[in-house]
Amino acid sequence: MTTAACFIIVSRNYIPIYEAEVGSAAKREDAAQLPQFILQAALDIVQDLAWTTSAMFLKAIDKFNGLVVSVYVTADHILNISKPIHFLHFIIHTRFMLLHDSRSDDGIKSFFQEVHELYIKSLLNPLYLPGSRITSSHFDTKVGALARKSL
């Protein structure tokens, strides 16, 4: 398992809709926002890479002080949808980003795929407003369990 990781889901409008600290590292108060800053800074790289490949899992796109940024993008760049229907409007162009210090690409890819499935299930919930922050404790629990299993 990875010793430190930060996971975020970024909406199509570049707004983080979910954030989670996964792993077993102790938080340092002086660097509390550093993982979010690193992940937000990597969004430009994601934007450029997403249109040059048909892969959804972009592996290690950036590095900072021994930490690696891995990204999973939804399939909108493959599908080339110009006018999405209402449901697809919130699925397309969503980025799942993980800042970690491990090198298990298969485990990270599996984690991303399972969280993507969990995200789609939460979009189907009639009580969830698509595009808003995900505050469900059930979603948190599931993401934590997936992180322990895959990372």
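All residue numbers in this chain count up from 1 along the given sequence. Nothing here was measured: the structure is a model prediction, and the numbers come from that model.
- Nearest heavy-atom pair across Ile17 and Ser11 is CG2-CB, 3.9 Å.
- Taking 4.5 Å as the limit, some side-chain heavy atom of Tyr18 sits within range of a side-chain heavy atom of Asp140.
- Inter-residue side-chain proximity for Tyr128 and Leu123 is flagged as met; some heavy-atom pair is nearer than 4.5 Å.
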task = Would you check, one step at a time, whether the test salt bridge (charged side-chain N to carboxylate O under 4.0 Å, His left out) holds for Glu114 with Lys149?
result = CA-CA 11 Å; Glu114 292 183 43; Lys149 181 180 104 177; 3.0 Å; yes
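- Two residues are said to be in side-chain contact when any heavy atoms from C-beta on lie closer than 4.5 Å; Val69 and Lys63 fail this criterion.
- Considering NE2 of His100 and CZ of Phe7, their distance stands at 11.5 Å, rounded to 0.5 Å.
- A donor-acceptor contact shorter than 3.5 Å links the side chain of Asn125 to the backbone of Leu127.
- For the pair Arg148 and Phe111, the cation-pi test (distance below 6.0 Å, angle within 45°) is failed.
- Remark: side-chain polar atoms of Ser150 are not paired, donor with acceptor, to backbone N or O of Ala147 under 3.5 angstrom.
- Counting heavy atoms from C-beta outward, Val68 and Asp101 have side chains that stay 4.5 Å or more apart.
- The CD1 atom of Ile38 sits 11.5 Å away from atom CD of Gln33, with the distance rounded to the nearest 0.5 Å.
- For the residue pair His116 / Thr74, no side-chain donor-acceptor distance below 3.5 Å is found, with atom types taken as modelled.
- Atom CG of Leu34 is separated from atom CD of Gln36 by 8.5 Å, given to the nearest 0.5 angstrom.
- Among all heavy-atom pairs drawn from Ser70 and Phe57, the shortest one is CB-CE1, 4.3 Å.
- Under a hydrophobic-cluster definition in which Ile, Leu, Val, Met, Phe, Trp and Tyr are linked whenever side-chain heavy atoms come within less than 4.5 Å, directly or via other members, Leu39 and Ile15 are assigned to different clusters.
- When all heavy atoms of Leu151 and Gly107 are compared, the closest pair comes out as CD2-O, 4.3 Å.
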Residues 130-137 side chain polar contacts: donor-acceptor under 3.5 Å, at least two apart:
{"residue": "Ser132", "atom": "OG", "partner": "Leu129", "partner atom": "O", "Å": "2.5"}
{"residue": "Arg133", "atom": "NH1", "partner": "Pro16", "partner atom": "O", "Å": "2.8"}
{"residue": "Ser136", "atom": "OG", "partner": "His138", "partner atom": "N", "Å": "3.2"}
{"residue": "Ser136", "atom": "OG", "partner": "Phe139", "partner atom": "N", "Å": "3.1"}

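- Rounding to the nearest 0.5 angstrom, the gap separating the CG atom in Leu99 from the CG atom in Asn65 is 10.0 Å.
- In this structure, CE in Met97 is found 15.0 Å from OH in Tyr72, a value given to the nearest 0.5 Å.
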* To do: Take Tyr119 and Phe96 through the ring pair (Phe, Tyr, Trp, His ring centres under 6.0 Å) test and state the conclusion after the steps.
  => CA-CA 10 Å; Tyr119 174 66; Phe96 299 83; 5.7 Å; yes
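- Looking at every heavy atom in both residues, Val73 comes nearest to Val71 through CG1-CG1, 3.8 Å.
- Note that CD1 of Ile8 is 10.5 Å distant from CD of Glu21, once rounded to the nearest 0.5 Å.
- For Asp48, the CG atom counts as densely surrounded, since its 6.0 Å shell holds more than 12 non-hydrogen atoms of other residues, nucleotides or ligands.
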